[in-house]
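Accompanying notes for the structure given below.
What you see is a predicted model; the values in this text were computed from it and never measured.
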Amino acid sequence: MTQRDEITNQRDEISRSNRSVTDSIRYAKRIQSSMLPDASLINQIFDDHFVFYIPKDIVSGDFYWMTQIKNEHVNKVIIAASDCTGHGVTGAFMSIMGINLLNTLVNEQGIYSPEIFLQSMRSIIISPLHQDNSVGQGRDGMEIFICCIDINNSKFEFAGAGTRMLFFNGDEKSVYTMNVLQGNRMPVDYHVYMEDFDLQVFEYSRGDIFYLFSDGYRDQQGGANRKCMGSHRFYDLINRNVSLAMKDQKTVLIDYFKSRREEGRSDGSMMEQIDDVMVLGLRL
């Protein structure tokens, strides 16, 4: 009976500790969610869009960010989508750091150029995290794509760090051409080579569509062999449904992601989500 009571007490203590930790993480989720762009801001800028955002755990290492700079001389929208190292609590720490850096660079320093964003972020991240080429050192950082839409001049500027995006040019018959836009092949942290990030610029037309995403959707495993979806099938899924309204495209993505996790499961269960998922679709 003494042993039984001791085991019961230990079980109850573990349960109390787990509840305390979980409650703290759920509160952290409220903080993280409040730092993401408000839906009213996105609705104000883009008539047709969707955000598909599902953390693997309670908090996420993926984040998206948006702001508009509008005055008598400038009308620009700056959008970022990032996949930070790790997920859960570790990834959430990096995501909050990334959001704070973007707010500081835009609101306090007035930087609007995507490649300068990335170079500034890299310098700021490396210093406090004491990153260098030491053997065995962790590589905390982020892959991020930053776009600056110059509305007055119909210019689309972008720079990427270790990631890519999809851009679809539409014609008068709503026939779209897919373009895979590649950023630099290095993340925003200490890397084996660190060149300046490249700025790329082109003109866009009203009705063009672009997609920003992390690797969580295309890396989701499914089927009896637990294979990843892969970039090719992910791009094809987007391409086949690009003419739909954005809300309908989101439904397609949700349904396919669910079916992917159910594929090959005879008991009706779903395969575990292996990473944070973020896909943004925006029509210009």
Side-chain angles (χ1 to χ4, degrees), residues 56 60-67 78-88 90-106 109 111-149 155-167 178-202 210-219 228-232 234-235 238 274-280:
K56 176 187 183 298
S60 176
D62 290 356
F63 74 85
Y64 57 100
W65 180 90
M66 184 182 302
T67 191
I78 300 173
I79 305 168
S82 175
D83 185 348
C84 298
T85 303
H87 47 73
T90 54
F93 273 116
M94 287 303 302
S95 74
I96 290 174
M97 182 178 183
I99 292 171
N100 283 331
L101 284 176
L102 286 166
N103 286 327
T104 298
L105 292 171
V106 173
Q109 298 185 22
I111 297 174
Y112 304 148
S113 190
E115 85 282 12
I116 303 300
F117 272 129
L118 297 183
Q119 283 156 205
S120 299
M121 291 180 75
R122 180 169 63 188
S123 298
I124 295 171
I125 287 173
I126 288 174
S127 179
L129 295 182
H130 308 293
Q131 294 182 345
D132 54 35
N133 60 354
S134 301
V135 176
Q137 187 185 73
R139 289 289 178 259
D140 298 311
M142 62 187 74
E143 297 176 346
I144 184 169
F145 214 101
I146 301 180
C147 309
C148 179
I149 303 167
K155 293 287 181 64
F156 192 96
E157 306 174 357
F158 73 91
T163 187
R164 62 193 69 175
M165 65 171 285
L166 296 179
F167 193 97
M178 183 175 73
N179 304 277
V180 180
L181 305 183
Q182 177 71 56
N184 294 91
R185 297 181 183 274
M186 51 186 176
V188 179
D189 57 53
Y190 187 88
H191 196 255
V192 63
Y193 64 90
M194 292 190 295
E195 303 171 340
D196 288 343
F197 289 98
D198 297 322
L199 175 68
Q200 301 184 56
V201 184
F202 60 88
F210 67 102
Y211 301 85
L212 300 172
F213 43 84
S214 65
D215 59 8
Y217 194 100
R218 66 176 186 261
D219 285 351
C228 295
M229 179 182 184
S231 295
H232 178 74
F234 174 61
Y235 297 165
I238 296 288
I274 65 169
D275 198 0
D276 301 317
V277 172
M278 174 186 59
V279 185
L280 281 65

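Rounding to the nearest 0.5 Å gives a distance of 8.5 Å between CE of Met165 and CD1 of Ile79. Taken from CG in Asn184 to OG1 in Thr163, the straight-line distance is 11.5 Å, to the nearest 0.5 Å. Rounding to the nearest 0.5 Å places CD of Glu195 at 12.0 Å from CZ of Arg185. Taking CG of Asp62 as the start and OG of Ser82 as the end, the distance is 7.5 Å to the nearest 0.5 Å. Between Ile116 atom CD1 and Ile111 atom CD1 the span is 7.0 Å, to the nearest 0.5 Å. Rounded to the nearest 0.5 Å, atoms CG (Leu280) and CG (Leu212) are 6.0 Å apart.
Shown here are the side chain to side chain contact (heavy atoms under 4.5 Å, CB included) partners of Ala80, two or more places apart in sequence or in another chain: Trp65, Leu102, Ile144, Ile146. For the ring pair (Phe, Tyr, Trp, His ring centres under 6.0 Å) test, residues two or more places apart in sequence or in another chain that qualify with Phe213 are Phe234. With sequence neighbours excluded, the residues satisfying ring pair (Phe, Tyr, Trp, His ring centres under 6.0 Å) with Phe145 are Phe158. Annotation: side chain to side chain contact (heavy atoms under 4.5 Å, CB included) contacts of Thr90 (sequence neighbours excluded): none. In this structure, the ring pair (Phe, Tyr, Trp, His ring centres under 6.0 Å) partners of Phe210, at least two apart in sequence or on a different chain, are Phe156. Scored by the side chain to side chain donor-acceptor pair (under 3.5 Å) test, Tyr64 finds no partners at all (sequence neighbours excluded).
Side-chain N or O atoms of Gln119 include none that pairs as donor or acceptor with a backbone N or O of Asp196 at under 3.5 Å. Between the Asp276 side chain and the Lys56 main chain, a donor and an acceptor come within less than 3.5 Å of each other.
Considering only heavy atoms from C-beta on, Asp83 stays 4.5 Å or farther from Met278 through its side chain.
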Under the side chain to side chain contact (heavy atoms under 4.5 Å, CB included) rule, what do Thr104 and Gln109 come out as? Steps first, then yes or no, please.
-> CA-CA 7 Å; Thr104 298; Gln109 298 185 22; 4.1 Å; yes
